[in-house]
Number of protein chains: 2
Amino acid sequence: MEYNAKQLQIIEVAERLFSQKGFAGTSVRDIAQEADVNVSMISYYFGSKEKLIEALFQLRMTESRSRLETLMMLSELSALQKFNVFIDSVIDRLMGNQCFHNIMLREQLSSERTPVISEYIRGLKMRNVELIKRMIHEGQEAGDFRKDINVSLVTTTLYGTVNYAIATQDFYRIFNNLEHLTDDEFQAHLRNELSQHLKNLFKSTITNEHHIQN
Amino acid sequence: MEYNAKQLQIIEVAERLFSQKGFAGTSVRDIAQEADVNVSMISYYFGSKEKLIEALFQLRMTESRSRLETLMMLSELSALQKFNVFIDSVIDRLMGNQCFHNIMLREQLSSERTPVISEYIRGLKMRNVELIKRMIHEGQEAGDFRKDINVSLVTTTLYGTVNYAIATQDFYRIFNNLEHLTDDEFQAHLRNELSQHLKNLFKSTITNEHHIQN
DNA sequence: TTTTATTAAACAAACGTTTGATTAGTAAAA
DNA sequence: TTTTACTAATCAAACGTTTGTTTAATAAAA
């Protein structure tokens, strides 16, 4: 589906408002006002408020589809290096699309509100966890990774940490006295700290490192 | 504040519905119907829908207040043992009150919807992260823990993992072929796996263990 | 009797959506 | 070239519902 400038404007405003106030907490009049269009244009272009959020999901999910999969395949990196690349890509993806991933997280908290969206999310999650599974198995066969890794929970910690860090970034900023930084500087800082933290966290747990040393 | 049976019934139904459909997505008529009371009883007892969710927060937050703090103080456990006790207590608290913590996570995703509730959450988060900070410093002074631990991000990983695991438990269940378990069995299983996973994760990263062995 | 609890009905406001009219641009017919 | 026909975009207004809350009357409890 191709969208014209006005349609994209509506989608982008909707994304920001849904992220800030939730789907039910945002009225089509809110969206219309901020996007500077007539209320009826939303029904006219998308059919309904429900179809609008579906259009948002369809747009954002096809955007980010499978860039990573190919990158993971053809590389000559070690399993751990691949895993580190993946960590950074998750951080970049989530921090670079905070509004959308905020909406997506909220949707996961609701018990199956919309079949269409649930299906999008399930598909995305399945692809991600399968990717991690393959990466870990690769490392295990090379003898680099431990055998007793719970793939689901490694995935959960990775996405859970990044999601929660984004959700609570205001608290993080205050608690660590980073209010003197500009917004961009703080975002970069958080990215780096998250990257370092997660790489450390997983390195010592999924590799055989300290087992060999015994 | 003391609540009678009918008030508690309203609060509990509201908690379940807010958790399932969000605050804005739940109408007072929904709540009244499921709680089997007249719509006007909500205004009568709580003043407004907004005050109802504030009452819910006040109730649930005073319930769980500071049981843990005392337990942490007087114990003769090692720093790592204390940390493990803390991990289990977080898992128990969040998994034992999934509806409420679902609501709380949702509130954190919204940018400061209600000052009262934001303040409750900020206070709780501050106490939790300070508790972890003290625990980590204790371990560092005993020489058991590494010096370069980011307290905020350790906290983020702990709460982020448990929150996200709860939010995506249906997916976890399917992906790991655990549909044959009863709901209770699955909950117990998830608890155990989470506990083991998080203890492993943190043990290797926050202790000096494999540094000493070098 | 006074206070508390409960109800059905009513309220204005906000909701998502539809309507019918109008505009501007393009294509077809004269 | 002028006229007619058609289309997509836009709008203010109105539609019927649902929203949270209040009211006024009644029942129960103190």
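Naming convention: chains lettered A, B, ... in sequence-line order (proteins, then strands); numbering from 1 in each chain.
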Please answer whether the main-chain N or O of A:I166 pairs with a side-chain N or O of A:Q98 as donor and acceptor at a distance below 3.5 Å.
-> no
Take the protein atom CD1 of B:I10 and the nucleotide atom P of C:dT6, then report the distance between them rounded to whole Å.
-> 9 Å
Looking at every strand, decide which applies to B:F46 at a 4.0 Å heavy-atom threshold: base, sugar-phosphate, or nothing.
-> nothing
Starting at atom OH of B:Y45, determine the distance to atom C1' of C:dT4, rounded to an integer number of angstrom.
-> 8 Å
note: A:K6, atom NZ; D:dA8, atom P; distance rounded to Å ~ 17 Å
Under 3.5 Å donor-acceptor, A:Q9 side chain and A:A35 backbone = yes
Could you tell me how the ring of B:F175 sits relative to the ring of B:F171: parallel (under 30°), tilted (30 to 60°) or perpendicular (over 60°)?
-> parallel
May I have the distance from B:F18 (atom CZ) to D:dG20 (atom C1'), rounded to whole angstrom?
-> 12 Å
The single option from B:F100, B:F57, B:F23 passing ring pair (Phe, Tyr, Trp, His ring centres under 6.0 Å) against B:F18 = B:F23
Mind running a 4.0 Å heavy-atom check of residues 21-44 of chain B against DNA chain D and sending the residues that fall below it, in number order?
-> B:T26, B:S27, B:V28, B:R29, B:V39, B:S40, B:S43
Identify which nucleotide among C:dT6, C:dT17, C:dA5 has an atom closest to any side-chain atom of B:N4, counting heavy atoms from C-beta outward.
-> C:dA5
Would you indicate, yes or no, if C:dC15 has its OP1 or OP2 atom less than 4.0 angstrom from a side-chain nitrogen or oxygen of A:K49?
-> no
Do you know the tightest heavy-atom contact between A:F202 and A:I87?
-> CD1-CD1, 3.8 Å
Backbone N/O of A:A79 and side chain of A:E138: donor-acceptor pair under 3.5 Å = no
